[in-house]
Amino acid sequence: MTHSDQIEVHPAWLPAAAFRALGSRRVLVRGEGQLVDTVTGEIEQACARYGGSRRRQRQGEAGADLDGSRYELVLALTRAHPLPSAAVGVVERGALGDEGFALTRRDGATAVLADEPAGLLYGLFHVARLGEAAFAGSRPVERHLPATPLRMLDHWDNIDAHPVMGQVERGYSGGSIFWEDGALREDLARVRAYGRLLAACGINRVAINNVNVHASEAHLLTDRLGDVIAIADALRPYGIRVHLSVNFASPIALGGLPTADPLDAQVRAWWEETTRRVYESVPDFGGYVVKADSEGQPGPFAYDRTHADGANLLADALAPFGGIVHWRAFVYDHRQDWRDRSTDRARAAYDHFAPLDGQFRENAILQVKYGPIDFQVREPVSPVIAAMPSTRLAVEFQVTQEYTGQQRHVCYLGPLWSEVLGFRPWGPEESTVAQIAVASGGGLVAVSNVGNDPFWTGHPMAQANLYAFGRLAWDPQLDPTAVLDEWIDLTFQPAADSGGAKLRDTLHAMMDESWLVYEQYTAPLGVGFMVHPADHYGPSVDGYEYTQWGTYHFADRDGVGVDRTQASGTAFTGQYPKAWSEAYESLEQCPDELLLFFHHVPYTHLLRSGSTVIQHIYDTHFAGAERAAEMRRAWEEVEPGGLVTPALYARVRERLDEQVRCAQEWRDQINAYFFRKSGVPDERGRRIY
Ligand code: GCW
């Protein structure tokens with residue numbers, strides 16, 4: 001595929017060769033529907049390339065030659081009649097839901113069955129993932145059902161490039177795949193290809209504009225609906241529904257009303273009518289995403305109404321059409337006085353939302369960032385997740401690497417998300433974060449890292465983050481290292497041969513622990529936010545210390561960290577259920593990696609690891625920068641050509657140079673800063689400036 005500027009677009013995890021195994025088989029597809037057409041089209045292309053053959057059988061078409069035994073791969077809807085013999089008796093109809101599929105293999109034929117067309121599409125991509133293994137030996141029936149029907153990406157894309165934030169807020173992959181210079185792109189080929197990539201990792205919803213909804217973007221809801229229709233049309237063949245971020249003050253800005261008060265009858269009527277029109281244009285429209293009363297966005301507080309009032313207004317407008325509102329819990333005071341030590345930004349989401357538990361409508365989902373602050377490399381899990389048992393909750397991750405290296409650094413985030421998803425807020429025997437979100441009727445959402453860059457994500461290895469988010473949203477229990485393997489095998493076909501095995505080892509060596517490496521050379525022990533204000537890249541230890549943003553570290557000559565205890569601090573620890581509240585409150589039990597998030601301690605404080613805080617800072621910063629340099633050395637061993645194209649090689653190489661440079665800068669600034677504050681020398685006498 002080529003892009004308008006004629007740069008070859010990287011196929012990411014769907015190179016043609018990913019379909020080699022199924023494209024060389026005799027394939028039968030049975031069923032009706034747009035997504036079955038998509039499956040058929042995929043197979044047709046693969047067969048044309050790899051010599052296989054395909055037959056599409058529609059409802060009512062029968063005949064002796066349709067016997068499944070002639071086929072090596074059968075993809076069929078369970079309602080197709082009669083079922084090909086390879087598929088008969090495999091699975092009970094109705095057990096697979098809207099998106100699930102069953103896979104089995106016997107008598108030389110592999111069968112994928114689904115109740116609904118979307119399941120067939122996910123089954124197809126699963127067969128691609130398996131490659132030749134899908135056609136070997138026999139397989140007992142496996143059922144694959146997504147953990148949650150809500151697996152969504154939010155784009156922070158602007159239509160008009162914003163004077164400060166650009167075309168994509170916190171985007172590190174070039175421009176937007178949707179918008180350019182104030183308008184929808186004419187060529188939506190990239191959007192279609194994006195939909196295909198997303199379906200292949202399990203995503204089924206996309207919000208197409210920034211949650212900071214500026215003037216032009218607000219109009220997507222009304223007179224720019226044509227753009228929404230076009231994007232929805234491009235994504236629909238891959239089972240992806242479109243959502244819009246909306247501005248809470250739209251009744252004023254677009255409707256000419258004097259108020260946006262959620263309890264005002266005219267306001268309610270405006271949202272109802274506007275929403276009705278949206279559904280007239282896009283019948284499978286997903287719903288609204290709202291950032292209200294947050295970082296300058298309007299919201300219900302202006303009218304003395306609660307966030308439940310605000311969310312319910314939109315939920316009511318969406319309900320007749322089956323839509324949902326995603327209401328973000330990212331509400332805090334961004335005009336705080338740094339002198340005031342009692343206000344704690346970490347507390348804000350819980351303080352605002354926990355009292356509203358049970359007040360949200362059935363089709364309102366509270367979207368909660370995984371940590372209480374803001375997508376830092378290390379944060380405790382947000383206490384909101386355990387605090388709202390009667391509210392649908394979606395956990396929000398950040399695939400775009402705003403605070404984790406901005407797609408200039410290798411930072412595989414699968415392990416971070418997996419750790420959050422597996423965290424048990426109520427204690428050891430209780431539910432995980434993933435189980436809580438799923439059981440609540442919510443799901444998983446993440447901010448996308450995709451732009452119109454030829455590699456999609458700037459850093460080619462950042463593609464793995466997008467892939468991993470989709471796979472973990474489908475099944476939060478997957479092992480992130482195994483997911484990385486899937487990504488490697490699909491992306492660098494055929495990674496299984498000898499050259500491939502070496503490349504795979506190199507990629508694992510560079511990526512498996514890259515999140516921890518990033519943590520090592522940046523802000524220590526959970527303290528966070530020692531970044532340059534504005535662009536959030538690179539070290540600036542005091543960059544936020546005397547600002548209004550509520551993100552401080554309180555380092556002085558004696559110690560560092562934020563006292564969030566109930567005993568002497570902001571009492572944030574009290575927002576957790578007992579098991580964790582006690583652990584975080586206690587200096588002895590608090591996990592090392594979160595120590596400075598919860599406590600202000602002397603530099604000589606002894607960590608559970610046996611090291612002092614100050615020595616830990618020195619050691620991890622030297623080690624982290626050294627490991628970044630090792631990554632670059634590992635990549636230098638890779639030979640461009642073959643599995644790794646020269647362009648991909650060069651892009652990674654250039655990024656690694658920057659990562660090594662930046663890691664050293666972090667190391668030296670952090671070490672120098674804490675040495676100067678504390679006066680404590682490095683035990684090992686290394687160079688500190
Ligand atoms: O992390 C912060 C970002 C903002 C973003 C905000 C949010 C879209 O720095 O750019 O705004 O989070 O999540 O709303």
Side-chain angles (χ1 to χ4, degrees), residues 376-380 403-405 408-411 415-416 510 512-532 536-545 551-563 587-588 590-634 656-689:
Q376 298 301 289
V377 67
R378 179 72 71 172
E379 288 187 44
Y403 297 102
T404 51
R408 284 176 255 189
H409 297 224
V410 180
C411 189
L416 160 59
M510 294 171 71
D512 284 359
E513 295 192 354
S514 51
W515 164 49
L516 300 176
V517 172
Y518 192 81
E519 178 182 31
Q520 282 187 314
Y521 60 73
T522 56
L525 298 165
V527 76
F529 259 103
M530 292 178 169
V531 289
H532 275 285
H536 294 168
Y537 185 75
S540 177
V541 183
D542 282 336
Y544 272 103
E545 200 57 13
T551 48
Y552 315 118
H553 54 69
F554 300 124
D556 58 26
R557 65 181 182 177
D558 300 318
V560 55
V562 190
D563 184 352
L587 259 185
E588 291 70 40
C590 183
D592 281 351
E593 67 273 13
L594 289 170
L595 185 71
L596 303 183
F597 193 96
F598 287 107
H599 297 271
H600 184 91
V601 296
Y603 294 113
T604 51
H605 174 84
L606 213 52
L607 294 169
R608 288 151 64 105
S609 71
S611 183
T612 59
V613 165
I614 188 73
Q615 193 56 40
H616 173 95
I617 292 175
Y618 298 147
D619 289 346
T620 49
H621 285 77
F622 282 114
E626 176 49 32
R627 289 182 74 180
E630 274 165 25
M631 284 182 197
R632 183 167 65 181
R633 283 197 290 276
L656 283 164
D657 286 347
E658 167 55 16
Q659 179 170 7
V660 171
R661 183 206 66 77
C662 189
Q664 286 172 358
E665 197 59 31
W666 270 101
R667 174 195 68 195
D668 292 339
Q669 287 203 28
I670 296 276
N671 284 347
Y673 180 94
F674 285 104
F675 174 62
R676 291 175 192 181
K677 281 266 167 181
S678 70
V680 181
D682 171 32
E683 270 170 8
R684 294 173 56 193
R686 288 163 293 195
R687 176 110 200 235
I688 294 178
Y689 296 87

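For the single chain, residues carry numbers from 1 onward in sequence order. Here the structure is a predicted model, which is why all the values come from computation and not from measurement.
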Looking at [atom1] of [X] and [atom2] of [Y], how far apart are the two atoms once the value is rounded to the nearest 0.5 Å?
X: Glu630; Y: Leu656; atom1: CD; atom2: CG; result: 12.5 Å
X: Tyr673; Y: Ser540; atom1: OH; atom2: OG; result: 10.0 Å
X: Met631; Y: Met510; atom1: CE; atom2: CE; result: 6.5 Å
X: Glu593; Y: Leu607; atom1: CD; atom2: CG; result: 10.5 Å
X: Leu516; Y: Thr620; atom1: CG; atom2: OG1; result: 11.5 Å
X: Ser514; Y: Gln520; atom1: OG; atom2: CD; result: 11.5 Å

| said: According to salt bridge (charged side-chain N to carboxylate O under 4.0 Å, His left out), who are the partners of Glu513, at least two apart in sequence or on a separate chain? | reply: Arg627

| remark: Taken in chain and number order and not counting sequence neighbours, the residues that satisfy salt bridge (charged side-chain N to carboxylate O under 4.0 Å, His left out) with Glu626 are Arg633

Under the 3.5 angstrom rule, does the side chain of [X] hit a backbone N or O of [Y] as a donor-acceptor pair?
X: Gln659; Y: Val410; value: yes
X: Glu545; Y: Phe554; value: yes
X: Asn671; Y: Tyr689; value: no
X: Trp515; Y: Pro415; value: no
X: Gln664; Y: Arg661; value: no
X: His553; Y: Val541; value: yes

Contact between [X] and [Y] at the side-chain level, heavy atoms closer than 4.5 Å - yes or no?
X: Ile670; Y: Met530; result: yes
X: Phe597; Y: Cys590; result: no
X: Leu596; Y: Val601; result: yes
X: Val531; Y: Trp666; result: yes
X: His616; Y: Ser611; result: yes

| request: For the pair Leu595 and Leu587, evaluate side chain to side chain contact (heavy atoms under 4.5 Å, CB included) and give the outcome as yes or no after the intermediate values. | output: CA-CA 8 Å; Leu595 185 71; Leu587 259 185; 3.9 Å; yes

Testing the basics here: between [X] and [Y], what is the closest heavy-atom pair and its distance to 0.1 Å?
X: Ala663; Y: Ala628; answer: CB-CB, 4.0 Å
X: Gly624; Y: Val517; answer: O-CG1, 3.7 Å
X: Gly538; Y: Cys662; answer: CA-SG, 4.2 Å
X: Leu606; Y: Gly610; answer: CD1-O, 3.4 Å

| query | Who passes side chain to side chain contact (heavy atoms under 4.5 Å, CB included) against Val680, sequence neighbours left out? | reply | Ile614, Ser678

| said: Applying side chain to side chain donor-acceptor pair (under 3.5 Å) as the test, list every pair that has at least one member in residues 597-606; sequence neighbours left out. | reply: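 Residue pairs with at least one partner in residues 597-606: there are none.
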
| message | Apply ring pair (Phe, Tyr, Trp, His ring centres under 6.0 Å) to residues His536 and Tyr544 and explain how you reach the verdict. | response | CA-CA 10 Å; His536 294 168; Tyr544 272 103; 5.8 Å; yes

| query | Could you give all pairs that pass the salt bridge (Lys or Arg N to Asp or Glu O under 4.0 Å) test and reach residues 606-617, with sequence neighbours left out? | reply |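 For residues 606-617: none.
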
| task | Provide the full list of salt bridge (Lys or Arg N to Asp or Glu O under 4.0 Å) pairs with a residue in residues 666-685, sequence neighbours left out, each pair given once. | result |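 Every salt bridge (Lys or Arg N to Asp or Glu O under 4.0 Å) pair that includes a residue of residues 666-685, provided the two are not neighbours, is Asp682-Arg686.
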
| message | With ring pair (Phe, Tyr, Trp, His ring centres under 6.0 Å) as the criterion, how do Tyr403 and Phe529 come out once you've worked through the C-alpha distance, each side chain's angles and the decisive distance to 0.1 Å? | response | CA-CA 8 Å; Tyr403 297 102; Phe529 259 103; 5.1 Å; yes

| message | Ile688 vs Tyr618, test: side chain to side chain contact (heavy atoms under 4.5 Å, CB included). Steps then yes/no. | response | CA-CA 9 Å; Ile688 294 178; Tyr618 298 147; 3.6 Å; yes

| said: Just by distance, no angles: are the side chains of Glu665 and Tyr521 close enough, under 3.5 Å, to form a donor-acceptor pair? | reply: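 There is no such pair (donor and acceptor under 3.5 Å, judged by atom type) between the side chains of Glu665 and Tyr521.
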
| Would you call the rings of His409 and Tyr537 parallel, tilted or perpendicular if under 30° counts as parallel and over 60° as perpendicular? |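 Taking Tyr537 first and then His409, their aromatic rings stand perpendicular (interplane angle over 60°).
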
